[in-house]
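Computation of the quantities below employed the complete heavy-atom set of this structure, encompassing side-chain atoms and omitting hydrogens, waters and symmetry-equivalent molecules. Order of the sequence lines sets the chain letters (A, B, ...), proteins ahead of strands, with each chain counted from 1. For clarity, every value in this text was computed on a predicted model and none was experimentally measured.
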Protein chains: 2
Amino acid sequence: MQLDERKYLILQAIIDDYINTAVPVGSRTISRKAGVSCSPATIRNEMSDLEELGYLDQPHTSAGRVPSNKAYRLYVDHLLKATKLSSDERERIQDHLLSRSKQVESVIRSAAEVLSDATKYTSVIVAPKLGTLRIRHVQLVPVADRTALMVIVTNAGIVKDAVIRVPDGLDADDLYSISRVLTQRLADKPLEAVRQTFSDLLRNADQSRKLLGETLAVIERKLEAGGDASDVIVGGSSRFLEYPEYSDVNKARNFLSVLESRDRLRKLVSGNGDMEVTIRIGPENHAPELSDCSIVTASYRVGDRSTGTLGIIGPTRMNYNRVISVLDFMGRALSDILSEYK
Amino acid sequence: MQLDERKYLILQAIIDDYINTAVPVGSRTISRKAGVSCSPATIRNEMSDLEELGYLDQPHTSAGRVPSNKAYRLYVDHLLKATKLSSDERERIQDHLLSRSKQVESVIRSAAEVLSDATKYTSVIVAPKLGTLRIRHVQLVPVADRTALMVIVTNAGIVKDAVIRVPDGLDADDLYSISRVLTQRLADKPLEAVRQTFSDLLRNADQSRKLLGETLAVIERKLEAGGDASDVIVGGSSRFLEYPEYSDVNKARNFLSVLESRDRLRKLVSGNGDMEVTIRIGPENHAPELSDCSIVTASYRVGDRSTGTLGIIGPTRMNYNRVISVLDFMGRALSDILSEYK
DNA sequence: CGTTAGCACTCATTAGTGTCGAGTGCTAAC
DNA sequence: GTTAGCACTCGACACTAATGAGTGCTAACG
């Protein structure tokens, strides 16, 4: 049996309705809808067919139908046309992202919030590996005796700053000249190649040797931070409580526990790196706890090559249309903001 | 009727038990406890007295007793002696706080996490007004064409950084000399007095005039940020789900909505500024939605005079003992870390 | 032959009922 | 003043019946 025009229409109507209400949808409901003009009885026949084809599930006899994962898959693959965000909304998002200082981390944090606000689902953003960014500038700013703020600027803007200990007796001017040397030596090297430059720099001795060593150590640590927990940022972590599928406390706790394990979360969300929006419905994401969730992800780019992932986690009946539009737009917006400094 | 020794003992036992189990406690439970050696019947008589005195409530006849708000009040005022944290634990907390770079905001963010981890309740930290901090150093770091990172260092360490636009044609050395001028002019002034220095600085014209104006504008904006939403930081915002009192979805949603309105939250948590731990039980915090919650707060100090608040929100039957110990310690630890640069 | 109305059937939901047991209050004895 | 005993209360839980939304099937209709 093949899906004809009307079956598509009915399936679409069922999915739309179920996304909004989370209640199994009956034949009457559909027949009342504009666009389909036949009686409930006819709809029932069609529904029966759709069920046989595996697109609908029936929680129990005499309940309405619920879209199956296969239906969602069909829906996102064929039935769905992404709608553009209104220019109003685009502006609101961009404003929000720009309002923060342009450091990678705070932009991402703020993006996670915006993403969750715009979609009403929980958002997850994985920060990119920063190794391929090229250092443009290193500068030390005095903070107190023997303490300085090290700012590393790359071609994607300010990537990291860290407070480090410096040898005694260095004043602001000393730190500045040291900064110049550091910048000279490190400029244009990718962050991940800094380790190789290490021995070169150490040979260039004198009083700043200790400082150089320490600075390099910090840079190395920062690079490794790419693999640590802080690079997965969750926005709207309690949004899911708004949805009836989680009114069971156990399911809610379950969901939460996934959010709390940043490692698992990173694996679940991390995408393949291209800019396309990818959708994993129910069991397609390989986490038993999330077998009734969908994960939608997109990518963003920092600098030339590094990519990060931004995503949404919600019930399988999520509003894919909306989510895809927002993710697509935000992926681009993030890339633009984080790669502004070409 | 007065409270004698034994009544105190029994009340304490009831509160302790209820804090742990959240189940109304019966006379048998108490009589089995060490420290009280009489039969359930006797306990019942005492309980009956305590109820009449307003220290216990009975959800319904033939349920156990539940401590009233008045009981909690008595408990925290008289029955409770704060236990010191184990040195092990103190170390763990301090490590965690120190592991981040020493910027005020990230320390606070990290503190909110630690606080929530250590107590198992939701934590709230209100950032201090930074106006009384004294500027020690201002430095501009080039980020890209016409873009610079402005770092403001105060006597409490790095307070704020922001990316600002600068006039065209300034290289790193130009920015450095401008930084020196800025530092010279602004050094030792409290952040809040910067506005007054404004006209002085503008008179000192030449090519950096525009930059100065802009820099000052940014500083001013940063100062005002003291009144904006980003200065209330919540840790463990979904912790409350672990407690049976919130297994009702509506209560949970209710609680969440309070957490989400940062303005209300600030008002609810903000303390009187002295370092004492203050406790508001149930209706004592003037929020109808939180009439079955307690809020425990302490203060921390940044620099000489600014104070911020750190607090815990949880069910009235919260583990006050533990919470007070942690808050007390963390208040001090935070103050130490944020005022390190004297 | 596709569409529709009618009707019997299913089953989750809800309200109502009965039982169980933890816990109390009271009374009388120690 | 303390304790044991006993009747009583009331939530929790299990079971039952009534309700109604929704289906599947069949027969009639255009």
Side-chain angles (χ1 to χ4, degrees), chain A residues 1-11 13-15 17-18 20-33 35-68 71 244-245 247-249, chain B residues 1-11 13-15 17-18 20-33 35-68 71 244-245 247-249:
Chain A
M1 182 162 22
Q2 259 302 1
L3 290 186
D4 60 16
E5 191 67 23
R6 195 172 64 184
K7 283 196 172 56
Y8 276 122
L9 219 64
I10 291 174
L11 185 56
I14 293 173
I15 295 176
D17 194 82
Y18 189 66
N20 287 325
T21 63
V23 175
V25 4
S27 50
R28 274 194 56 133
T29 319
I30 296 304
S31 85
R32 268 197 302 263
K33 284 214 171 171
V36 193
S37 50
C38 37
S39 78
T42 313
I43 305 284
R44 280 205 291 279
N45 289 331
E46 296 286 36
M47 279 172 139
S48 171
D49 291 351
L50 285 168
E51 187 174 355
E52 192 159 335
L53 288 163
Y55 291 107
L56 294 178
D57 289 334
Q58 207 168 8
H60 54 88
T61 337
S62 96
R65 304 302 215 288
V66 163
S68 69
E245 22 271 280
S247 56
D248 175 13
V249 195
Chain B
M1 179 161 23
Q2 259 303 3
L3 290 186
D4 59 18
E5 191 67 23
R6 195 173 65 183
K7 283 196 172 55
Y8 276 122
L9 218 64
I10 291 175
L11 186 55
I14 293 173
I15 295 176
D17 194 81
Y18 189 66
N20 287 325
T21 63
V23 176
V25 5
S27 50
R28 275 195 56 136
T29 319
I30 297 305
S31 87
R32 269 197 301 265
K33 283 214 171 170
V36 193
S37 50
C38 36
S39 78
T42 313
I43 305 282
R44 278 204 291 280
N45 289 331
E46 296 285 36
M47 278 173 142
S48 172
D49 292 351
L50 284 169
E51 186 173 356
E52 192 159 335
L53 288 164
Y55 290 107
L56 294 179
D57 289 334
Q58 207 169 10
H60 54 88
T61 340
S62 95
R65 303 303 215 289
V66 164
S68 70
E245 22 271 279
S247 56
D248 176 13
V249 194

Enquirer: For B:Pro59 and B:Arg6, find the nucleotide of DNA chain D closest to each by heavy atoms; which residue's nucleotide sits nearer the 5' end?
Expert: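 Its nearest nucleotide being more 5', the pick is B:Arg6.
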Enquirer: Now, which nucleotide makes the Watson-Crick or G-U wobble pair with C:dA28, with each of the two distances under 3.5 Å?
Expert: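 When the pairing criteria are applied, D:dT3 turns out to be the nucleotide that pairs with C:dA28.
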Enquirer: May I have the distance from B:Asp57 (atom CG) to C:dG23 (atom P), rounded to whole angstrom?
Expert: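 Computing the B:Asp57:CG to C:dG23:P distance gives 17 Å.
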Enquirer: Tell me whether the side-chain N/O atoms of B:Arg28 come closer than 4.0 Å to OP1 or OP2 in D:dT3.
Expert: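 No, no such contact exists.
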Enquirer: Of the nucleotides C:dA22, C:dG25, D:dT2, which one has an atom closest to the side chain of B:Arg44?
Expert: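 It is C:dG25.
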Enquirer: Figure out the CD/C1' separation between A:Glu51 and D:dT23, and round it to whole Å.
Expert: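 So the CD-C1' distance, A:Glu51 to D:dT23, works out to 10 Å.
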Enquirer: Between B:Thr61 and D:dC10, is there a contact of a side-chain N or O with OP1 or OP2 at under 4.0 Å?
Expert: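 Yes.
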Enquirer: Enter the distance from B:Ser37:OG to B:Arg6:CZ here, rounded to the nearest 0.5 Å.
Expert: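 Going from OG on B:Ser37 over to CZ on B:Arg6, the span is 9.0 Å.
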Enquirer: Hey, does the side chain of A:Ser27 reach the backbone of A:Ile43 with a donor-acceptor pair shorter than 3.5 angstrom?
Expert: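 Answer holds: no.
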Enquirer: Nearest of C:dG25, D:dG24, C:dG23 to any side-chain atom of B:Ser62?
Expert: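 The nucleotide sitting nearest to the side chain is C:dG23.
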Enquirer: Nearest-Å distance, CZ (B:Arg65) to C1' (C:dG23)?
Expert: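 My rounded result for the distance is 9 Å.
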Enquirer: Distance from A:Glu46 atom CD to A:Leu53 atom CG, nearest 0.5 Å?
Expert: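 That separation rounds to 10.0 Å.
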Enquirer: In whole angstroms, how far is the P atom of D:dG1 from the CD atom of B:Glu5?
Expert: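 It works out to 17 Å between those atoms.
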Enquirer: What's the closest nucleotide to the side chain of A:His60 if the choices are C:dG25, D:dT23, C:dC11?
Expert: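 So the nucleotide nearest the side chain must be C:dC11.
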Enquirer: Exactly one of A:Asp57, A:Leu56, A:Ile30 should register a side chain to side chain contact (heavy atoms under 4.5 Å, CB included) with A:Arg65. Which one does?
Expert: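 Of the listed residues A:Asp57, A:Leu56, A:Ile30, the side chain to side chain contact (heavy atoms under 4.5 Å, CB included) partner of A:Arg65 is A:Leu56.
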Enquirer: May I have the distance from A:Met47 (atom CE) to D:dC25 (atom P), rounded to whole angstrom?
Expert: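 Spelled out: CE on A:Met47 to P on D:dC25 is 15 Å.
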Enquirer: Could you check whether atom CZ of A:Arg28 has more than 12 heavy atoms from other residues, nucleotides or ligands sitting under 6.0 Å from it?
Expert: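 Result for CZ/A:Arg28: open.
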Enquirer: Nearest to the A:Thr42 side chain among C:dT3, D:dT3, D:dG24, which nucleotide is it?
Expert: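 Out of C:dT3, D:dT3, D:dG24, the nucleotide with an atom closest to A:Thr42's side chain is C:dT3.
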Enquirer: Considering only side-chain heavy atoms of A:Ser39, which listed nucleotide, C:dG23, C:dA5, D:dG24, is closest?
Expert: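 The listed nucleotide nearest to A:Ser39's side chain is C:dA5.
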Enquirer: Could you state the atom-to-atom distance from CG of B:Leu50 to P of C:dT24 in whole Å?
Expert: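 About 12 Å, once rounded to whole Å.
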Enquirer: Considering every strand and a 4.0 Å limit on heavy-atom distances, what is the contact class for B:Ala41: base, sugar-phosphate, or nothing?
Expert: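 The residue B:Ala41 makes base contact.
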Enquirer: In the structure shown, which nucleotide is the Watson-Crick or G-U wobble counterpart of C:dT17, with both distances under 3.5 Å?
Expert: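 With both distances under 3.5 Å, C:dT17 matches D:dA14.
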Enquirer: To the nearest Å, give me how far apart CD (B:Gln58) and P (D:dG11) are.
Expert: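 Interatomic distance, CD of B:Gln58 to P of D:dG11: 11 Å.
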Enquirer: Among D:dG24, C:dG25, D:dT3, which nucleotide has an atom closest to any side-chain atom of B:Cys38?
Expert: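 Minimum distance to the B:Cys38 side chain belongs to D:dT3.
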Enquirer: Looking only at side-chain atoms of B:Ser27, point me to the closest of C:dT3, C:dT24, D:dT3.
Expert: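 Looking only at side-chain atoms, B:Ser27 lies closest to C:dT24.
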Enquirer: With rounding to the nearest 0.5 Å, note down the distance linking CG in A:Leu9 to CD1 in A:Ile14.
Expert: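 Spacing of CG (A:Leu9) from CD1 (A:Ile14) equals 10.5 Å.
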Enquirer: B:Ile30 CD1 to C:dG23 P: how many Å, rounded?
Expert: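 Distance check: B:Ile30 CD1 to C:dG23 P gives 11 Å.
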